[in-house]
Amino acid sequence: MIPEADRIMISQDEIAAKVQELGSRISQDYGGEEILVVGILKGAAIFMSDLVRSIASPVAFDFMAVSSYGASTESSGIVRIIKDLDQSIEGRHVLIVEDVVDTGLTLNYLVENLRSRNPASLKLCSLLDKPSRRKVEVKADYTGFEIPDEFVVGYGLDYSERFRNLPYIAVLKKDVYIK
Ligand code: 5GP
């Protein structure tokens, strides 16, 4: 474990088992239908790359980037599209892949925005869910782990662009981000 971490919340093995489970459920639900998997950069990149390899249905990729917390750990509530999709999603089966649903503001905005583009279907898959932090109602169709209200890093999630490469999900020591 890295010295900045207080503890490991979800181990590498637990993540791998959950990704397989989610991939099987998604494969069953979509069958032979092609899924356009939309990863939300940058946090969902690692989860998405593992998840798509556990999905048996045909898959196409796209990515979006939206404004996030910057260097702070609190959401501003303002969502800005930094990178939009490369392709039209009209008539496609879209699966948004996100790292964590926290206040729900980001996904709420994304769902509204993508729904207005007339996909054939639109579902959400989030690795983590912090239901106690919700400000707007968002329910993912596929959720990896419900976690308490703690700031976590690893497996794609960062603090100031650090720790995304950790193979596990960890809680940082408070003094790393509270100065
Ligand atoms: P929401 O709009 O639901 O409040 O926030 C979603 C985004 O906030 C996530 O995509 C992620 O970038 C960031 N976020 C929320 N909670 C955490 C956390 O515990 N750790 C990290 N690293 N980012 C988080």
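Quick note: numbers below take in every heavy atom, side chains included, and nothing from hydrogens, waters or symmetry partners. Quick note: residue numbers are just sequence positions, from 1.
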Sequence-distant partners of E112, salt bridge (charged side-chain N to carboxylate O under 4.0 Å, His left out), two or more places apart: none
Cluster link V66 to L41, ILVMFWY, side chain under 4.5 Å: no
Closest non-hydrogen atom pair between S132 and D149, with its separation: OG-CB, 3.7 Å
Candidate pair D6 and K173, rule salt bridge (Lys or Arg N to Asp or Glu O under 4.0 Å), full reasoning: CA-CA 5 Å; D6 188 39; K173 287 179 180 147; over 6 Å; no
Cluster overlap L172 with Y168, hydrophobic side-chain contacts below 4.5 Å: yes
V38 backbone acceptor or donor facing D62 side chain under 3.5 Å: no
Contact check, side chains of L51 and V97, non-hydrogen atoms, under 4.5 Å: yes
Minimum-distance pair of heavy atoms, taken over all atoms of I147 and P131: O-CD, 4.0 Å
Side-chain donor or acceptor of D141 paired with backbone N/O of L124 under 3.5 Å: yes
Side chain S88, main chain E90, donor-acceptor under 3.5 Å: yes
Least distance between heavy atoms, L114 atom then P119 atom: O-CD, 3.3 Å
Joint hydrophobic cluster, I35 plus L22, side-chain heavy atoms closer than 4.5 Å: yes
Stepwise side-chain contact (heavy atoms from CB on, under 4.5 Å) test for Y142 and D29: CA-CA 11 Å; Y142 307 97; D29 291 352; 2.6 Å; yes
Side-chain heavy atoms of Y109 within contact of I81, under 4.5 Å: yes
Reported CD1-to-CZ distance for the pair I2 and R162, which is rounded to 0.5 angstrom: 7.5 Å
Worked verdict on V111 versus I96 for side-chain contact (heavy atoms from CB on, under 4.5 Å): CA-CA 9 Å; V111 167; I96 301 175; 4.2 Å; yes
Whether S126 side chain and L128 backbone form a donor-acceptor pair below 3.5 Å: yes
Side-chain heavy-atom pair F151, K174 within 4.5 angstrom cut-off: no
No-hydrogen, no-angle side-chain donor-acceptor test under 3.5 Å, Y155 and D50: yes
Nearest-0.5 Å distance that lies between atom CD1 in I169 and atom CZ in F47: 9.0 Å
Between CD on residue Q20 and CD1 on residue I55, distance to nearest 0.5 Å: 10.5 Å
Verify same cluster id: M1, V153 (apolar side-chain graph, 4.5 Å): yes
Electrostatic pair D129-R134, nearest N-O below 4.0 angstrom: yes
Interatomic distance, S121 atom OG to E33 atom CD [nearest 0.5 angstrom]: 7.5 Å
Donor-acceptor contact below 3.5 Å, side chain S54 vs main chain V19: yes
Least distance between heavy atoms, I46 atom then S49 atom: O-OG, 2.9 Å
Transitive ILVMFWY side-chain link L127 to I8, under 4.5 Å: no
Worked check of side-chain contact (heavy atoms from CB on, under 4.5 Å) between Y159 and V152: CA-CA 8 Å; Y159 174 63; V152 291; over 6 Å; no
Considering all heavy atoms, the nearest I26-S57 contact: O-OG, 4.4 Å
E98 side, atom CD; M64 side, atom CE - distance, nearest 0.5 Å: 11.0 Å
Flag if over 12 foreign heavy atoms under 6.0 Å of NZ, K123: yes
CG-CG distance between D84 and D86, expressed to the nearest 0.5 angstrom: 8.5 Å
Nearest heavy atoms of A60 and R92, plus distance in Å: CB-NH2, 3.8 Å
Derivation and outcome, side-chain contact (heavy atoms from CB on, under 4.5 Å), residues F145 and M9: CA-CA 10 Å; F145 303 92; M9 185 186 274; over 6 Å; no
Flag, side chain of T103 to backbone of K135, donor-acceptor distance under 3.5 Å: no
Residue pairs passing the salt bridge (Lys or Arg N to Asp or Glu O under 4.0 Å) test where at least one lies in residues 11-20, sequence neighbours excluded: K18-E21
R7 CZ: over 12 foreign heavy atoms closer than 6.0 Å: yes
Aromatic ring pairing Y30/H93, orientation class (parallel under 30°, perpendicular over 60°, tilted between): perpendicular
Q87 atom CD: more than 12 heavy-atom contacts under 6.0 Å: yes
Residues E150 and K130 bridged, charged N to O under 4.0 Å: no
